[in-house]
Amino acid sequence: KRGFSMNFNYSRPEQQGISPHTITRFLDKCEKELDSLYSFSIVKGATIASEGYYYPMKPDQLKMLHSVAKSINSLAIGIAIGDGKLHLEDKLIDFFPEELPKKHDPRVERISIRDMLMMASSSVATSAAFKSVEGSWRTFYLSQTPYDEPGVFFSYDTGAAYMLSCIITKTMGKNSLALVKERVFSHIGIDTVYWLEDNDGNNTGGWGFYIKAADMIKLGRLILNYGSWEGQQLIPEWYMREATTKQIDTYRNPGTGWGYGYGYQFWRFPENTFGCFGAFGQLIVCNEEKDLYVVTTGGCTREQNRRLLTIITETIFAESNDKPIPLDDPAYRELQNRLVTL
């Protein structure tokens, strides 16, 4: 079933330089090697070349995107910086001096916005770390011991995204969700979205973000176009280009699974691609050179999540062409029959 048509066209994949056989191989690999692929979309420019939803997944079903939330939070930071409310070198403690615990590692005082965006600030790896915290989550974060001098060592840090979200609320007078709804989602046609909050009304930042599965396609187009939508720059282009460029190495942190680097809450991927990476198969993978991106939702293990990224690279990106290719009616009919019975 097609997700939506607003702002997007549909075409046969051959017209976008992609063979139906390529998409069939992509599906074969996913079904053989992954526990569950829930949905996929292949988009070139503003044209959807192919998409599919595995029953009972539907285009309008709300899906939690896990750590893709970090990238959405980064959009909010980019807006705040563009408005002059924040600067990359602003220090974290300047926003919450009253919540800094008396006993703290002195390196905490040197953590900047940029350090947190790069996950080079502290060591609160997952959202689970906050579950047993009875007091202020911000004080809890500020009481942790960084792995290294801020800005030097990449260490997966979901807590940093939460702190960035709190900074958005404090500087913009509204939380991250309200800001991106007003400044981004209202322009690109996303009207149903939820984001978990703490007791103070701050969004969790690094997790708990829900959106319709089909609306991920709109996010992909916005990211591939560096914050531009229909000729309107919704997030500063310079920020989006820095955010999606490697700012820090990731090879020293074994939990990441690859060494392609990290930007400002966006990942670098194989073959000079970039995008968003959420647990269990929530991916937005952008190839600027080919003006092509792939969006998936799924239920994969950690190892399978990495494998899904590789499958996308080995099939969709590797086999796509810059120009239309001859139509292959039998292969296209076979693919379409498969897509409606996933």
Side-chain angles (χ1 to χ4, degrees), residues 17-18 22-23 25-27 29-30 33-34 37-45 49-50 65-75 78 117-120 154-158 161 206 209 216-227 239-298 300-320 322:
I18 304 168
T22 292
I23 301 171
R25 278 192 288 275
F26 166 75
L27 294 174
K29 286 176 176 288
C30 288
E33 300 182 39
L34 310 179
L37 181 68
Y38 295 163
S39 69
F40 78 94
S41 301
I42 302 168
V43 188
K44 185 155 190 174
S50 187
L65 301 191
H66 300 282
S67 286
V68 174
K70 296 176 174 66
S71 301
I72 306 302
N73 203 48
S74 182
L75 302 182
L117 287 168
M118 297 189 304
M119 288 200 193
F154 176 92
S155 174
Y156 199 84
D157 187 4
T158 294
F209 178 82
M216 287 180 69
I217 302 174
K218 299 175 183 178
L219 293 178
R221 184 177 173 190
L222 179 76
I223 293 164
L224 180 59
N225 290 341
Y226 298 109
Y239 176 84
M240 290 300 297
R241 288 189 177 276
E242 283 195 21
T244 55
T245 300
K246 186 175 90 167
Q247 300 293 336
I248 193 167
D249 286 317
T250 53
Y251 63 86
R252 291 177 61 190
N253 187 214
T256 63
W258 62 82
Y260 300 102
Y262 197 68
Y264 299 155
Q265 307 282 282
F266 287 90
W267 288 95
R268 295 297 302 182
F269 295 138
E271 303 299 328
N272 201 31
T273 58
F274 62 88
C276 313
F277 190 103
F280 313 117
Q282 324 325 307
L283 297 178
I284 300 174
V285 189
C286 301
N287 187 319
E288 181 186 16
E289 181 182 349
K290 297 190 174 186
D291 193 25
L292 182 67
Y293 64 97
V294 177
V295 174
T296 65
T297 65
C300 309
T301 66
R302 175 181 288 187
E303 290 300 325
Q304 290 173 359
N305 211 14
R306 300 190 193 108
R307 180 57 186 151
L308 173 55
L309 177 61
T310 304
I311 292 171
I312 292 170
T313 304
E314 292 175 340
T315 57
I316 309 302
F317 291 149
E319 299 178 15
S320 66
D322 293 335

With [X] via side chain to side chain donor-acceptor pair (under 3.5 Å) - residues at least two apart:
X      : answer
Lys290 : Ser320
Ser67  : Lys70, Tyr156
Thr296 : none
Asn272 : Arg268

Can you tell me which residue among Thr273, Thr250, Leu283 is in a side-chain contact (heavy atoms from CB on, under 4.5 Å) with Trp267?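 Result for side-chain contact (heavy atoms from CB on, under 4.5 Å) with Trp267: Thr250.
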Note, [X] side chain near [Y] side chain (heavy atom, < 4.5 Å):
X      : Y      : value
Gln247 : Tyr262 : no
Leu222 : Leu75  : yes
Val43  : Val295 : no

Which residues pass the side chain to side chain contact (heavy atoms under 4.5 Å, CB included) test with Thr310, not counting sequence neighbours?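 Only Arg307, Glu314 meet the side chain to side chain contact (heavy atoms under 4.5 Å, CB included) criterion with Thr310.
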Glu289: what forms a side chain to side chain contact (heavy atoms under 4.5 Å, CB included) with it, not counting sequence neighbours?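 Partners of Glu289 under the side chain to side chain contact (heavy atoms under 4.5 Å, CB included) test: Asn287.
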Point-to-point distance, once rounded to the nearest 0.5 Å, from [atom1] of [X] to [atom2] of [Y]:
X      : Y      : atom1 : atom2 : result
Gln304 : Ile311 : CD    : CD1   : 9.0 Å
Ile223 : Met240 : CD1   : CE    : 6.0 Å
Phe277 : Arg306 : CZ    : CZ    : 7.0 Å
Lys44  : Asp322 : NZ    : CG    : 5.5 Å
Leu308 : Thr313 : CG    : OG1   : 9.5 Å
Glu33  : Cys300 : CD    : SG    : 11.0 Å

Just by modelled atom types, is the Ala279 backbone N or O under 3.5 Å from a matching donor or acceptor in the Gln282 side chain?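 Side chain of Gln282 to backbone of Ala279, a donor-acceptor pair under 3.5 Å: yes, one is there.
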Main-chain N/O of Gly281 paired to Asn305 side chain as donor or acceptor, under 3.5 Å: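 Answer holds: yes.
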Counterpart residues, ring-ring contact (aromatic ring centres under 6.0 Å, His included), relative to [X] (two or more places apart):
X      : answer
Tyr38  : none
Phe266 : none
Phe40  : Phe26

Do you know which two heavy atoms are closest between [X] and [Y], and how far apart they sit?
X      : Y      : answer
Asn73  : Ala161 : ND2-O, 3.0 Å
Ala69  : Gly206 : CB-C, 3.8 Å
Gly278 : Val68  : N-CG2, 3.7 Å
Gly220 : Ile284 : CA-CG2, 3.6 Å

With sequence neighbours excluded, tell me which residues meet salt bridge (charged side-chain N to carboxylate O under 4.0 Å, His left out) with Asp249.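 Asp249 satisfies salt bridge (charged side-chain N to carboxylate O under 4.0 Å, His left out) with Lys246 once adjacent residues are dropped.
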Of all pairs that satisfy salt bridge (charged side-chain N to carboxylate O under 4.0 Å, His left out), the ones with a partner from residues 270-283, not counting sequence neighbours: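 Pairs touching residues 270-283 that pass the test: none.
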Determine which pairs satisfy salt bridge (charged side-chain N to carboxylate O under 4.0 Å, His left out) with at least one residue from residues 279-288, sequence neighbours left out, and list them in order.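 Qualifying pairs, neighbours excluded: Arg241-Glu288.
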How far apart are the C-alpha atoms of Phe317 and Val285, what are their side-chain angles, what is the distance that settles it, and do they pass the side chain to side chain contact (heavy atoms under 4.5 Å, CB included) test? CA-CA 10 Å; Phe317 291 149; Val285 189; 3.5 Å; yes
Evaluate the ring planes of Phe274 and Tyr226, with Trp represented by its six-membered ring, and classify them as parallel (under 30°), tilted (30 to 60°) or perpendicular (over 60°).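 Taking Tyr226 first and then Phe274, their aromatic rings lie parallel (interplane angle under 30°).
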With a 3.5 Å cut-off and no angle check, do the side chains of [X] and [Y] form a donor-acceptor pair?
X      : Y      : value
Tyr264 : Glu242 : yes
Gln265 : Ser74  : no
Thr22  : Thr315 : no

Worked verdict on His66 versus Phe280 for side chain to side chain contact (heavy atoms under 4.5 Å, CB included): CA-CA 8 Å; His66 300 282; Phe280 313 117; 3.4 Å; yes
Would a line drawn from the ring center of Phe269 to the ring center of Tyr260 be shorter than 6.0 Å?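 No, the ring centres sit 6.0 Å or more apart.
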